[in-house]
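To keep things clear, I will list the structure first and then write my remarks on it.
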Amino acid sequence: MTEKIQAIRGMNDILADETGRWQSLEALIRRVLEQYGYQEIRFPILEKTELFAHSIGETTDIVSKEMYSFVDRNGDNLTLRPEGTAGCVRAGLQHSLFQTGVQKLWYNGPMFRRERPQKGRLRQFHQTGVEAFGLPGPDIDAELILLCARLWRELGLDDITLQINSLGSAAARLAYRNVLVEYFTGHKDQLDEDSRARLERNPLRILDSKDPDLQNLIANAPAMSGYLDPESADHFAGLQELLTGAGVTFTVNPRLVRGLDYYCKTVFEWVTSRLGAQGTVCAGGRYDGMVEHFGGKTTPAVGFALGMERLLELADLKEPLDSRPDLYFIHAGAGSEARAMQLAEQVRDAHPSLKVILHCGGGGMKSQFKKADRSGASLALILAEDELARNTVAIKHLRRDLPQREVAWPALPGALSELLMNV
RNA sequence: GUGAGCGUAGCUCAGUUGGCAGAGCGCAGGAUUGUGGAUCCUGUGGUCGUGGGUUCGAGCCCCAUCGCUCACCCCA
């Protein structure tokens, strides 16, 4: 047997019976973002590998083992984007967006990471990202968090909790890093294999470990809060004040460090316990150094990303409006098909918002009625020998107990207006 | 990359100590030659994931392999 062709592992199809829920989620998010004055930006799925390596960090798991990278025909190293922030910054830089003051941007689309798929984690997954450039204060951090809180409210999600932390300035982070290395080196015998490797490459991540044997050691580790530079400490205090004032409840989690290297100062994560092992629905933070790092002028920046698949699993979303057709046009007998097609076009001209299915594929009246019923249409239009001879169309109610009518062809659009106004 | 569980019809799943591969749903047709839904009848459906082994005989036992799922790791 020839092997059935299959999608790549972890890259799922979203079929027609699911796209309605996607559309309503996307529409809701778009509406809220526009409410806050954010504008959509679109940038490529493919970028030069160095863009991600230099922003996310060479030693992070994403860059070191999870990227879909390949060599282009001209020798360029290209990578399917594992996240959106880097591409957004690149686009902003390339088009001098950061010269003109504040930019509040959002984007939505597929991201790619070559991990082992599991619940809430795919190799191609979808994120909505929101980024704000040019604002240094905690006010914008708070606005982003309030925006998220509004989304959860609108989605009817009340079991997502907020965790925040501050990583401090680059210098403070470096100082803290040294303290941590010293501490963990002193307890090297207690560390597991992964954590020992991280001691060299990314010691902050040890704080994130879920290994139960390490929890005691981690709990006693020196906390970042003790090493914050004054400016970052003020910023963090300011953020907490704003959140409290806005009535947002949060937990300060001193071990929240996030997996991407570019974060500084504020980091935050919205978490649920309803999703198994992948409980993070939304996460982000401040990355003041990135624009400058790529050659732009010093530009403060904050952003976050939403995991669309994870959100879809949580939210009880309805199909947008009614996906069922309004009319199902049945026709039979010589000459009926061309005439029905003509009439269907006239109905579509007169009523652009109606869904009109013209029966295709032949078959008897009985089977056409069956299909009309299964389509969910509220009305059937019938054009067979009798009607054709009389220059009329019959209109039959499929959902209500009302008598069948017969109207002359020119009167069809008008008759439909009447009927649909009564529905 | 590591570990565990699961692969039988388009879908959901039965399948006894190893003995003729099944049901429901769906789809198609009919009972009713121009009228759907409820009911009844008929039909359509499969290299039992794949390859090997044990056996007179394998969906079932053994080995390998691929795929899916969940978890670790990590992350949205």
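First the proteins, then the strands, lettered A, B, ... as listed; each starts at 1.
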* **K119(A) and E313(A) ion-paired at < 4.0 Å** => yes
* If you look at every strand shown and take non-hydrogen atoms under 4.0 Å, does A283(A) touch a base, only sugar-phosphate, or nothing? -> sugar-phosphate
* Structure fact -> Whole-Å distance, E18(A) CD to C11(B) P, equals 15 Å
* Answer yes or no: side-chain N or O of E66(A) and base N or O of C73(B) forming a donor-acceptor pair under 3.5 Å. => no
* Relative to the ring of F112(A), is the ring of Y68(A) parallel (under 30°), tilted (30 to 60°) or perpendicular (over 60°)? -> perpendicular
* Taking the nucleotide of RNA chain B with the closest heavy atom to each, which residue, G276(A) or V281(A), is nearer the 5' end? -> G276(A)
* If pairing requires Watson-Crick or G-U wobble contacts with both distances under 3.5 Å, which nucleotide is the partner of A4(B)? -> U69(B)
* Heavy atoms under 4.0 Å, any strand shown: does L260(A) hit a base, just sugar-phosphate, or nothing? -> sugar-phosphate
* How would you label the contact of R123(A) with the nucleic acid (heavy atoms, under 4.0 Å): base, sugar-phosphate, or nothing? -> nothing
* Respond yes when some side-chain nitrogen or oxygen of K396(A) is under 4.0 Å from OP1 or OP2 of G36(B), and no when none is. => no
* Nucleotide nearest R374(A) (side chain, heavy atoms from C-beta), chosen from A28(B), G34(B), G36(B) -> A28(B)
* **Nearest-neighbour nucleotide for the Q278(A) side chain, C73(B), A76(B), G36(B) considered** => C73(B)
* Between C68(B), C70(B), G34(B), which nucleotide has the shortest distance from any of its atoms to the side chain of K119(A)? -> C70(B)
* Asked: Taking the P atom of each, how far is G15(B) from C6(B), in whole Å?
  -> 14 Å
* State whether K371(A) places a side-chain N or O below 4.0 Å from either non-bridging phosphate oxygen (OP1 or OP2) of A28(B). => yes
* Taking atom types as modelled and ignoring hydrogens, do the side chains of H235(A) and D141(A) form a donor-acceptor contact shorter than 3.5 angstrom? -> yes
* Can you tell me the Watson-Crick or wobble partner of U55(B), both distances under 3.5 angstrom? -> none
* **Distance-only donor-acceptor test, Q404(A) side-chain atoms vs U35(B) base atoms, 3.5 Å** => yes
* Which one is paired to G22(B), where only Watson-Crick or G-U wobble pairs with both distances under 3.5 angstrom count? -> C13(B)
* Sidechain N-carboxylate O distance under 4.0 Å for R21(A), E18(A) -> no
* To do: Mind checking Q368(A) for me? I need base, sugar-phosphate or nothing, with any heavy atom below 4.0 Å counting as a touch.
  => nothing
* Asked: Could you give the CD1-to-C1' distance, from I5(A) to U50(B), as a whole number of Å?
  -> 17 Å
* Structure fact -> Whole-Å distance, I8(A) CD1 to G67(B) P, equals 12 Å
* Asked: Side-chain N or O of Q118(A) less than 4.0 angstrom from OP1 or OP2 on C72(B)?
  -> yes
* To do: Assess whether one donor atom and one acceptor atom, taken from the side chain of D373(A) and the base of G36(B), lie less than 3.5 Å apart.
  => yes
* To do: For the side chain of R310(A), starting at C-beta, report the closest nucleotide among A76(B), G34(B), C70(B).
  => A76(B)
* Can you tell me the distance, in whole Å, between the NE2 atom of H359(A) and the C1' atom of G36(B)? => 13 Å
* Asked: For E337(A), does the CD atom sit with more than 12 other heavy atoms under 6.0 Å from it, leaving out its own atoms?
  -> no
* **Which nucleotide in G36(B), G34(B), G67(B) has an atom nearest any side-chain atom of F369(A)** => G36(B)
* Name the pairing partner of A28(B), where a pair is Watson-Crick or G-U wobble with both distances under 3.5 Å, or state none. => U42(B)
* Structure fact -> Testing A76(B), G30(B), G34(B) for proximity to the side chain of D386(A), the answer is G34(B)
* Structure fact -> Applying the 3.5 Å cut-off to both distances, the Watson-Crick or G-U partner of G34(B) turns out to be none
* Asked: Distance only, no hydrogens: is a donor on one side chain within 3.5 Å (strictly under) of an acceptor on the other, for Y287(A) and E131(A)?
  -> yes
* Structure fact -> Separation of U69(B) atom P from L122(A) atom CG, nearest Å, is 8 Å
* Asked: Rounded to the Å, how far apart are M11(A) CE and U69(B) P?
  -> 13 Å
* Hunt down the Watson-Crick or G-U wobble partner of C48(B), both distances under 3.5 Å, from any strand shown, or write none. => none
* Reckon E387(A) touches a base, only the sugar-phosphate, or nothing at all at heavy-atom distances under 4.0 Å? -> base
* Atom pair distance, as rounded to whole Å: CH2 in W270(A) and P in A76(B) -> 16 Å
* Does the distance from a Lys or Arg side-chain N to an Asp or Glu carboxylate O, for E40(A) and R30(A), drop under 4.0 Å? -> yes
* Is L275(A) touching bases, backbone alone, or none of the nucleic acid, heavy atoms closer than 4.0 Å? -> nothing
* Does E115(A) pair with R123(A) as a salt bridge, N-O distance under 4.0 Å? -> no
* Asked: U35(B) P sits how many Å from H331(A) NE2, rounded?
  -> 17 Å
* Have a look at R116(A) and say if it touches a base, only the backbone sugar-phosphate, or nothing, with a 4.0 Å heavy-atom cut-off. => base
* When you get a sec, tell me which of C27(B), G67(B), A76(B) is the closest nucleotide to the side chain of R9(A)? => G67(B)
* Find which nucleotide of RNA chain B each of K366(A) and I62(A) is nearest to by heavy atoms, and output the residue with the more 5' nucleotide. => K366(A)
* Base partner of A76(B), which must satisfy Watson-Crick or wobble distances under 3.5 Å -> none
